[in-house]
Amino acid sequence: MVERGPAAKSGNGAERLRQRYPTIDDLRSKARRRVPRFGFDFVDGGATEEYCIDRNIDAFQAIELLPRYCVEGKANTEVELFGRKYAAPIGVAPMGSAGLMWPGAEKLFAAEAQRQNIPYVLATPGNASIEEIAAIAPDVFWFQLYRFPYNDHAITFDLVRRAEEAGAHVLVPTVDSAGKSKRPRDIRNGCRVPFPINPWTTYQVLTSPAWTMQLLRNGMPITANLVPYAAKANQNSTAEVMQLRSGGSHTWDELKRLREKWKRPFVLKGILHPEDAERAVAMGVDGIWVSNHGGRHFDGAPASVDVLPAIVSAVGSRVPVMIDSGIRGGLDVVRALALGAKFCFTGRCFAYGLGALGPAGAPHVVDLFLDEIKTEMLHVGARTVEEAGNIRVRHPGAWHFGNY
Ligand SMILES: Cc1cc2nc3c(=O)[nH]c(=O)nc-3n(C[C@H](O)[C@H](O)[C@H](O)COP(=O)(O)O)c2cc1C
């Protein structure tokens, strides 16, 4: 059952949250205090020295927009993508094991995305299954796909079959997970499967009562999509399938096979090089998702927004370009639109909301984004998402490539 917080229903509750938590950073601070350290760090942390996380955020902050004034009219945030009109150019990025931040996270995200008409992308290693999410969010459900080379990709193709049968609108193979990611915070916290039960982890759980109650209600999180391929329907068995059977970046040949199989919109996530974008478009993808996985895999990666203009230039108007990694509010969305992105996603903003406020978290994060996108559009003189694409931008960190 999907819970709904009082703030999701009542206008007064929403107003109270706007006053208490006016920014994503307020939600992050609150989540840090409310969630066991291993859960908060799993979501908040990144690869190696975590420079890429800061690089993503700093790169957005360095982008200046030149306002046009004397414009009449209201801002309309609606945007059409793959034949469907969404409420705003912001969606929930796929997050595996988001239940560590708040047990039951996926179902809460999906329910709110459906209610607000924004995309929700279920991750392959999410803690809810394709079939469960399709039932909760039939109109806005996208599915993210990892690679399972074992047995000639039998699991990969079965996941694709299930996503198709369940009615997922968009398939999103992720290509930026080429190797294992080293996340020092997780190593220090012992955040792994099987989960270590020791005095330190027990202390964290006992001192996070709201989180613990939520865990008791939802049960131990499992990698739900992998139950059919696991020896047992439990955390260890499903995680073992993920560890032993998956890995690596989908190759171009494999992507071609997937493209031929999947007849609905097909978006490649994790593109950072314009030549990869070019090749993907030539292969027949329907969209490019520029991302460095929020700095969780490769600490040396450029900020995704810094390679966005070159990728937009390479792709032209052939397919829409989307972006995530470092978006922390409506202004960043408008910055990305001004640089040619058609749509934006964020993972951590939604996760922080849940960790801070439980069921009221996702509604509040959507509320913040909708309000801020409208406000910032008015500030730059854009009444529509298309007009936001014409704003003049100064982007000191942009990468330049010879051809683009
Ligand atoms: C806890 C967590 C788990 C993630 N798991 C996945 C995943 O399973 N598949 C995937 O494609 N991306 C995954 N991502 C990356 C997100 O989809 C997205 O690219 C990233 O969160 C964007 O950066 P932001 O958090 O700064 O908004 C994950 C991100 C987080 C924070």
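All residue numbers refer to positions in the sequence shown, counting from 1. First listed ligand is number 1; within each ligand, the first listed atom is number 1.
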D324 and S291: side chain donor to acceptor below 3.5 Å: yes
What side-chain donor-acceptor pairs closer than 3.5 Å can you find for residues 266-278, not counting sequence neighbours?
| residue | atom | partner | partner atom | Å |
| --- | --- | --- | --- | --- |
| H273 | ND1 | E275 | N | 3.0 |
| E278 | OE1 | R318 | NH2 | 3.4 |
| E278 | OE2 | R318 | NH1 | 3.3 |
| E278 | OE2 | R318 | NH2 | 3.1 |

Between Q19 and R16, do the side chains contain an N or O donor and an N or O acceptor separated by less than 3.5 Å? no
Show the protein residues that qualify under the rule heavy atom under 4.0 Å from an atom of ligand 1, listing them in chain and number order. F42, V43, A93, P94, M95, G96, A123, P125, Q144, Y146, T174, K269, S291, H293, G294, R296, D324, S325, G326, R328, T346, G347, R348
Please work out which of the three classes, parallel, tilted or perpendicular, describes the rings of W289 and W142, given edges at 30° and 60°. perpendicular
For R55, salt bridge (Lys or Arg N to Asp or Glu O under 4.0 Å) partners two or more places apart: none
Does D26 have any salt bridge (Lys or Arg N to Asp or Glu O under 4.0 Å) partners at least two apart in sequence or in another chain, and if so, which? none
